[in-house]
S.K.: 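One structure follows; several queries about it will come next.
Values reported hereafter were calculated over all heavy atoms of this structure, with side chains retained and with hydrogens, waters and symmetry mates removed.
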Amino acid sequence: QVPLVASGGGSVQPGGSLRLSCAASRYSYNSYCMGWFRQAPGTEREGVALITSDGSTRYADSVKGRFTISKDNARTTLYLQMNSLKPEDTAMYYCAAETMGSSKCYTVAGTTSYNNLGQGTRVTVSS
């Protein structure tokens, strides 16, 4: 298991921005793909974005052009920059990691079943 700690959630108005962070200690991002998924009350998990060990990224259509996933290898921190937030982005956001090489590393939907999960951070978009 890889310890993952997500932070940065909060309440914002539509059109606002938030940056989520996910700290992962004692391991190398070179061996894992990383991702974010979200879950709103009463709904299934939805993959949001992923980044592979070589830095390739993929996004759900619903967030493409608004969200950016990135990682800082030196600080072993994963980020999700969320701009132009909409009420439908309201959810609990989770960071997750999977061993590079798994087929789950190549589809955004795969993030919802990564083997290593962090605790969620809540994002609320409301006027």
Side-chain angles (χ1 to χ4, degrees):
Q1 287 287 326
V2 175
L4 298 165
V5 181
S7 62
S11 296
V12 295
Q13 293 185 340
S17 298
L18 283 173
R19 188 175 81 157
L20 306 184
S21 299
C22 178
S25 62
R26 301 192 304 275
Y27 93 119
S28 170
Y29 278 127
N30 291 333
S31 301
Y32 290 83
C33 59
M34 305 290 294
W36 294 90
F37 67 89
R38 64 189 182 186
Q39 188 168 24
T43 69
E44 295 185 351
R45 292 178 177 179
E46 177 190 16
V48 174
L50 70 86
I51 186 166
T52 63
S53 59
D54 66 358
S56 298
T57 58
R58 290 176 177 81
Y59 298 91
D61 288 343
S62 59
V63 306
K64 202 171 293 183
R66 300 188 297 121
F67 290 12
T68 302
I69 188 171
S70 62
K71 60 181 179 176
D72 181 334
N73 287 335
R75 299 181 179 182
T76 60
T77 302
L78 178 73
Y79 301 101
L80 184 68
Q81 178 66 44
M82 305 186 297
N83 298 328
S84 302
L85 283 161
K86 304 176 180 179
E88 51 264 43
D89 295 319
T90 296
M92 189 74 81
Y93 284 71
Y94 299 86
C95 60
E98 181 60 64
T99 304
M100 198 63 210
S102 167
S103 60
K104 292 184 286 187
C105 288
Y106 299 98
T107 65
V108 175
T111 60
T112 62
S113 60
Y114 282 5
N115 285 323
N116 299 291
L117 304 180
Q119 95 289 356
T121 186
R122 185 175 301 278
V123 172
T124 302
V125 185
S126 173
S127 56

S.K.: Do Tyr114 and Met34 have side chains that get closer than 4.5 Å, going by heavy atoms?
M.R.: no
S.K.: Out of curiosity, Ser70 OG to Arg19 CZ, how far, rounded to the nearest 0.5 Å?
M.R.: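 Rounded to the nearest 0.5 Å, the OG-CZ separation comes to 7.0 Å.
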S.K.: Of all the heavy-atom pairs spanning Ser17 and Ser84, show the shortest one and how long it is.
M.R.: OG-N, 4.3 Å
S.K.: For Trp36 versus Ile69, what's the shortest heavy-atom pair and its separation?
M.R.: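 Looking at all heavy atoms of both residues, the shortest contact is CD1-CD1, 3.6 Å.
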S.K.: I want to check something: taking the side chain as every heavy atom from C-beta on, are Val63 and Arg38 in contact at a cut-off of under 4.5 Å?
M.R.: yes
S.K.: Got a sec, which residues hit salt bridge (charged side-chain N to carboxylate O under 4.0 Å, His left out) with Lys86, two or more places apart in sequence or on another chain?
M.R.: none
S.K.: Measuring from atom OG1 of Thr43 to atom CE of Met92, what distance do you get when rounded to the nearest 0.5 angstrom?
M.R.: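 If we round to the nearest 0.5 Å, Thr43:OG1 and Met92:CE are 11.5 Å apart.
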S.K.: Does the side chain of Leu78 reach to within under 4.5 Å of the side chain of Ile51, using non-hydrogen atoms?
M.R.: yes
S.K.: At their closest point, which heavy atom of Leu4 faces which heavy atom of Asn116, and how far apart are they?
M.R.: CD1-O, 3.5 Å
S.K.: Please answer: with hydrophobic residues joined when any side-chain heavy atoms are less than 4.5 Å apart, are Tyr59 and Leu50 in the same cluster?
M.R.: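 Result: no, two separate clusters.
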S.K.: Are there over 12 heavy-atom neighbours, none belonging to Glu44, within less than 6.0 Å of that residue's CD?
M.R.: no
S.K.: Can you tell me how far NZ of Lys71 sits from SG of Cys33, rounded to the nearest 0.5 angstrom?
M.R.: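 Here the interatomic distance stands at 9.0 Å.
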S.K.: Restricting to side chain to side chain donor-acceptor pair (under 3.5 Å), what partner residues turn up for Gln81, sequence neighbours left out?
M.R.: Asn83
S.K.: Looking only at the side chains, is there a donor atom on one of Ser62 and Glu46 sitting less than 3.5 Å from an acceptor on the other?
M.R.: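 There is such a pair between these side chains.
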S.K.: With Phe37, which residues qualify under ring-ring contact (aromatic ring centres under 6.0 Å, His included), at least two apart?
M.R.: Tyr94
S.K.: Minimum heavy-atom separation for Leu117 to Ala96, with atom names?
M.R.: CD2-CB, 3.6 Å
S.K.: Which pairs of donor and acceptor atoms, one on a side chain in residues 98-105, lie under 3.5 Å apart (sequence neighbours left out)?
M.R.:
unit_1, atom_1, unit_2, atom_2, d
Glu98, OE1, Lys104, NZ, 3.2
Glu98, OE1, Asn115, N, 3.0
Glu98, OE1, Asn115, ND2, 3.3
Glu98, OE2, Asn115, ND2, 3.3
Ser102, OG, Lys104, N, 3.1
Lys104, NZ, Ser113, O, 2.8

S.K.: Any idea which heavy atoms bring Ala97 and Tyr32 closest together, and the distance?
M.R.: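 That would be CB-CD2, 4.1 Å.
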S.K.: Applying side-chain hydrogen bond (donor to acceptor under 3.5 Å, both in side chains), which residue pairs with at least one partner in residues 117-127 are found, sequence neighbours left out?
M.R.: none
S.K.: For Asp54, what residues pass the side chain to side chain donor-acceptor pair (under 3.5 Å) criterion, not counting sequence neighbours?
M.R.: Thr52, Ser56
S.K.: Treating Ile, Leu, Val, Met, Phe, Trp and Tyr as nodes and any side-chain heavy-atom pair under 4.5 angstrom as an edge, say whether Leu20 and Tyr79 lie in one connected cluster.
M.R.: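 The answer is no; the residues belong to distinct hydrophobic clusters.
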S.K.: Are side-chain heavy atoms of Asp89 and Met82 found at a separation under 4.5 Å?
M.R.: no
S.K.: Locate the shortest heavy-atom distance separating Thr90 from Ala40; write the atom from each residue and the value.
M.R.: O-CB, 3.7 Å
